[in-house]
Amino acid sequence: MAWTGAREAAARGGGEGDRMQEHYDFRRIEKKWQDDWDRRQAFEVEMDPGKPKYYCLVMFPYPSGEIHMGHCRVYTIGDVTARYKRMHGYNVLHPMGWDAFGLPAENAAIKHGKHPKDWTEANIARIKRQLHGLGIGYDWRREVTACYPDYYRWTQWLFLLMYRRGLAYRKKAPVNWCPECATVLANEQVVGGLCWRCDTPVVKKELEQWFFRITAYADRLLDDLALLEGWPERVRVMQENWIGRSHGAYIDFPLVPPAGTRPGAEARTGDARRVGATAADEGRVRVFTTRQDTLFGATYMVVAPEHPLVERAIREADPARAEELRRFRERARDLSEIDRTSDPAKEGLFTGLYCLNPGTGERIPVWTADYVLMEYGTGAVMGVPAHDQRDFEFARKYGLPVRVVIKGPDSPDLAEEMTEAYEGEGVMVDSGPFSGTPSEEGRRKVAQWLEREGLGKATTIYRLRDWLISRQRYWGAPIPIVYCDRCGVVPVPEDQLPVTLPHVVDFTPGESPLARVKEFVETTCPDCGGPARRETDTMDTFVCSSWYYLRYTSPGCEKAPFDKEAVDYWMPVDQYIGGIEHAVLHLLYSRFFTKVLHDAGMLRPVEPFANLLAQGMVTKDGAAMSKSKGNIVSPDEMAERYGADTARVFVLFAAPPEKDFEWTDAGVQGTFRFLRRVWRIVYDLRELAAKAPPGSVVPPAETAAGGGGLDDPNRALLRSAHRMVKKMTLDIDRRFNFNTAIAAAMEMLNDFYRYVENVPEAERSPAAVREALEKLVLCLAPFAPHITEELWRELGHEGSVHDERWPEWDEAYVETEEVEVAVQVNGRLRDRMVVPKGAGEEELREKALACARVGPFVEGKEVVKVVVVPDRLVNIVVR
RNA sequence: GCCGGGGUGGCGGAACUGGCAGACGCGGCAGACUUAAAAUCUGCUGGCCUCAGGCCGUGCGGGUUCGAGCCCCGCUCCCGGCACCA
């Protein structure tokens, strides 16, 4: 315990035995206290029903190669939050773990000839050391590593829970395939038609895959966003857009039998309904619309090129048209998602088929066009050119009729006069029995009518698709399913979990690497004992990350994914911190998991994360730090040159946490200067402070009664300290503005230096100096934990500064006896005056009018009015 | 196109609820200390002018108000999300 001497010396009041160094030796200090915290297991926590809990969580990282100041920023935000809450008496859970399954490990392994496990573990070890070096205080006993069997066993268990609850299913469907990653992707993982990881254009493939039925929770995921008041608006909006709920109706359009079989069918209104009601599925086309009120304006129909009706049209058409249709369909299929959706020219082709508008009973042509997507709605839309801009353009291009059925306040009466579709509300016209109905009411009425007549029904559809979780790669949790010739799809019984990922060496992609491992694939059926094959796909890593925050509450639990009592104590996460890139992905999946587990009775909360902070990026040379751009500033480099405390304070001081900021070396130096000044003020004043007992606080009455006022420098010093405490507390509590909180500490320090500069030693109050020093050190403790720990001991304390309570402020100090009041004439600042705090309006008015500088502006003018804001300003209005 | 966020000195950013715009930091300038430099400390630092003073100034144009960076109307530009979504 090398520091004992220094502490005793400080407590003795310095002198010849004083060993506090004048030099701020951050290397020595940081190492010393990091070791001390380890030894004392300072950040380990247990459930304690007697204390309020606080769960502070940073999104667990993917252990890739390089960590940089961007990571440093997130972990620092989390650590400051955790330490700050601890100082407020909370029982703080602040854990860390590893999102250790995933493609980069596999790709890096292929590239470097190393096994993904070794690569991952080496990275984990390095990042762990770096986090330690930053002084981040985690409860490492709770560390979870997603690629270890004791974790993924429960990921598999949760898959089975989904399966049991009908939420995991297998289906053949056109899915997103990334040729570069050689695997399928969930919809959320395709960004603008490109793979979210490697930016490769994604193609559609027809494959049989496993899905989670997240769409069953679409309404709750959407509606419960309203509960998330502690989330940034933009994240909620992104999820809202992603879920994309639309209210509307299905409408069945009866197909007109091939030409000649029913001549004149379209002539008699009413037939439509009979045909619609009796025809088999083959005999009608179902559309989805949000504007059923415009049904009578549907003059044609369009189906997606992939729609089964196109196949039928090809069968029934003459050879020339059939060939044309085939070509059209192939062209649409071969276009990538981006090409197809970025081309605004709406290409279409008549199929040769007709159907009946169930409203008007008229025969209308069925077209196919690439602007209709098979994936959304029913893959078929009714064409209402007068009231939908796309339909309008399509109709103009192909000479289809336009019929006005909604009359808005100033919409054209005649279709011929239209230059664009009228998409607004209005009154239904030319719509049979509905004519005269306001469009909003019309939507309700038409839906009711459709339902009554068996022609359709009101419905709600979503943009959200079910979550595709199969991955054709090696480095993931195996899907615990067995295929038996006799029993079919058989889930692996829970007592046989985990399905262990074999330690293969050939994981080159192409097909699922596990399919090549005979010992893995060949198994026996859990039901009949006969020969069976294992599922060889692994799970999307987002499955692993959808529940890790629950595992932290009871990481050793061997009977379940988590202990009920522990999860009830700790959940929900009080503060979640992470990147905005997960606004939809991870944050939506985790909300889904939480709701499923809630429904299964395993979890009380319906939402996992009460408050969310989406932190901004750290950029350098205008771009996010990344290995490929070569603009990385590493924490090691920072720790070596300036120390962890400087790195921590700088990343918080540079900008509010949710904003991006540009790294500057000069800014770091400024922060280092600040900490060195903190060090020196303690060094310079330690002997004086030692004359007052540690922890002493000056009662406000003492300086006030002693004739204090603005001119009493000791009182002014205390005021500065108390103001700092107040501002820092409010800035952190109200809005996580660490930047302005740190600025408040800097201001106080500036006052402190002015005090030292201006107040002769004989006039300095040891008690006031001690109180000011201690408040400064305490307030900086969460931000710069090492230097404050050292200084705290130098101030004569036995225990850790991190076990202390956050300081309080006293309004009696914060408030002053005198205030400066601005004097304006016609809203323009002309003078200032110092008056007693709380001075009356009349007094202020008179003093303001008497101000010397005010005179020339008032002279010879009529004073119309004097606005007085006590303690702030007086505005004299003249004419 | 729709939705969300934003535009403040040379730079990062402050400004509670409509009340002294530019806190704090960086950079710059000047001074002190030093043989000198670095470091440190102190002061100044939005622009302009006829400079003890005044005028202008928070993307642009209007409005409300005694008073607007903040509220209202109309634009504009930037960032993010969604997007032939029926």
Side-chain angles (χ1 to χ4, degrees), chain A residues 191-192 232-242 244-246 248 287-291 294 302 304 340-347 369-373 375-384 388-391 393-394 423 461-463 580-581 583-584 614 649-650 653-656 658-671 673-674 676-677 680 727 730-731 734 737 739-750 753-754 756-757 820-832 853 856 864-879:
Chain A
V191 182
E233 165 88 1
R234 62 177 169 151
V235 175
R236 292 195 308 232
V237 168
M238 279 189 228
Q239 293 212 356
E240 213 174 289
N241 288 341
W242 187 261
R245 181 161 64 190
S246 299
V287 304
F288 172 77
T289 180
T290 54
R291 292 298 302 270
T294 64
V302 202
R340 191 167 151 185
T341 52
S342 62
D343 181 12
K346 294 162 182 43
E347 295 292 330
D370 51 12
Y371 78 89
V372 178
L373 306 175
E375 297 83 48
Y376 187 78
T378 60
V381 299
M382 61 183 197
V384 185
D388 181 286
Q389 187 58 23
R390 282 162 316 179
D391 296 345
E393 286 162 24
F394 192 76
E423 296 184 331
I461 68 163
Y462 305 87
R463 216 183 69 92
I580 190 73
E581 67 273 18
V584 173
V649 173
F650 178 65
F653 178 64
E658 68 280 357
K659 277 190 76 166
D660 292 350
F661 80 87
E662 172 79 9
W663 183 266
T664 62
D665 289 327
V668 184
Q669 281 170 36
T671 305
R673 260 198 299 270
F674 165 62
R676 203 162 44 189
R677 275 159 62 84
R680 230 193 34 250
K727 177 141 175 62
L730 296 180
D731 282 353
R734 275 199 311 239
N737 274 11
N739 56 330
T740 52
I742 293 166
M746 289 173 166
E747 271 181 90
M748 192 266 160
L749 185 65
N750 289 341
Y753 271 84
R754 235 162 272 144
V756 171
E757 174 90 0
E820 199 180 60
V821 169
V823 182
Q824 298 180 333
V825 178
N826 285 349
R828 310 184 63 107
L829 181 71
R830 295 302 175 191
D831 206 351
R832 295 188 169 96
R853 290 199 186 147
V864 179
K865 184 174 175 182
V866 179
V867 181
V868 180
V869 183
D871 295 339
R872 313 249 6 197
L873 121 177
V874 177
N875 187 14
I876 301 162
V877 186
V878 298
R879 196 161 44 199

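So that the names make sense, note that chain A is the first sequence line, chain B the second, and so on, each numbered from 1.
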Is it true that the side chains of A/Arg463 and A/Asn241 contain a donor and an acceptor less than 3.5 Å apart?
no
Once you apply a heavy-atom cut-off of 4.0 Å, does A/Val877 come out as touching a base, just sugar-phosphate, or nothing?
sugar-phosphate
Which residue lies more 5' along RNA chain B, comparing A/Ile461 with A/Thr740 via nearest heavy atoms
A/Thr740
For a quick check of understanding: with a heavy-atom distance under 4.0 Å over all strands, which category does A/Phe661 fall into, base, sugar-phosphate or nothing?
nothing
Test your reading of the model: is there a side-chain donor-acceptor pair from A/Asn737 to the backbone of A/Asn739, 3.5 Å cut-off?
no
Please classify the glycosidic conformation of B/C51 as syn (within 90° of 0) or anti (everything else).
syn
Under 4.0 Å between any heavy atoms, over every strand shown, what does A/Pro232 touch: base, sugar-phosphate, or nothing? Just pick one.
nothing
May I ask you to say what A/Arg872 touches in the nucleic acid, namely base, sugar-phosphate or nothing, with a heavy-atom cut-off under 4.0 Å?
base
Using a 4.0 Å heavy-atom cut-off, does A/Gln669 contact any base of the nucleic acid, only the sugar-phosphate backbone, or nothing at all?
nothing
What's A/Arg673 touching, base or sugar-phosphate or nothing? Going by heavy atoms closer than 4.0 Å.
sugar-phosphate
Among B/C20, B/C82, B/G4, which nucleotide has an atom closest to any side-chain atom of A/Glu233?
B/G4
Once you apply a heavy-atom cut-off of 4.0 Å, does A/Thr664 come out as touching a base, just sugar-phosphate, or nothing?
nothing
Could you tell me how far apart A/Asp665 (CG) and B/C26 (C1') are, to the nearest whole angstrom?
12 Å
Nearest heavy-atom approach of A/Met382 to A/Thr294 is CE-OG1, 3.6 Å
A/Asn875 near the nucleic acid: base, sugar-phosphate alone, or nothing, with a heavy-atom cut-off under 4.0 Å?
base
Which comes earlier along RNA chain B counting from the 5' end, the contact point of A/Thr671 or that of A/Met382, where each point is its nearest nucleotide?
A/Thr671
For B/G9, glycosidic torsion class - syn if within 90° of 0, otherwise anti:
syn
What nucleic acid atoms does A/Glu820 come within less than 4.0 Å of, heavy atoms only: base, sugar-phosphate, or nothing?
base
Which part of the nucleic acid, if any, lies within contact of A/Gly244, taking any heavy atom under 4.0 Å across all strands shown: a base, the sugar-phosphate backbone alone, or nothing?
nothing
Can you tell me which nucleotide in B/G81, B/C56, B/C24 comes closest to the side chain of A/Asn241?
B/G81
Could you check whether any side-chain N or O of A/Arg291 sits under 3.5 Å from a backbone N or O of A/Glu423, counting only pairs where one atom can act as donor and the other as acceptor?
yes
Which part of the nucleic acid, if any, lies within reach of A/Val237 when heavy atoms closer than 4.0 Å are counted: base, sugar-phosphate only, or nothing?
sugar-phosphate
From the list A/Val823, A/Val867, A/Val869, side chain to side chain contact (heavy atoms under 4.5 Å, CB included) partner of A/Asn875 resolves to A/Val867
Within the 4.0 Å heavy-atom criterion, would you say A/Arg245 contacts the bases, only the backbone, or no part of the nucleic acid?
nothing
Contact class for A/Arg832 vs. all strands (heavy atom < 4.0 Å): base, sugar-phosphate, or nothing?
base
Just to be sure I understand the rule, does A/Asn739 reach a base, reach only the sugar-phosphate, or reach nothing, if contact means heavy atoms closer than 4.0 Å?
sugar-phosphate
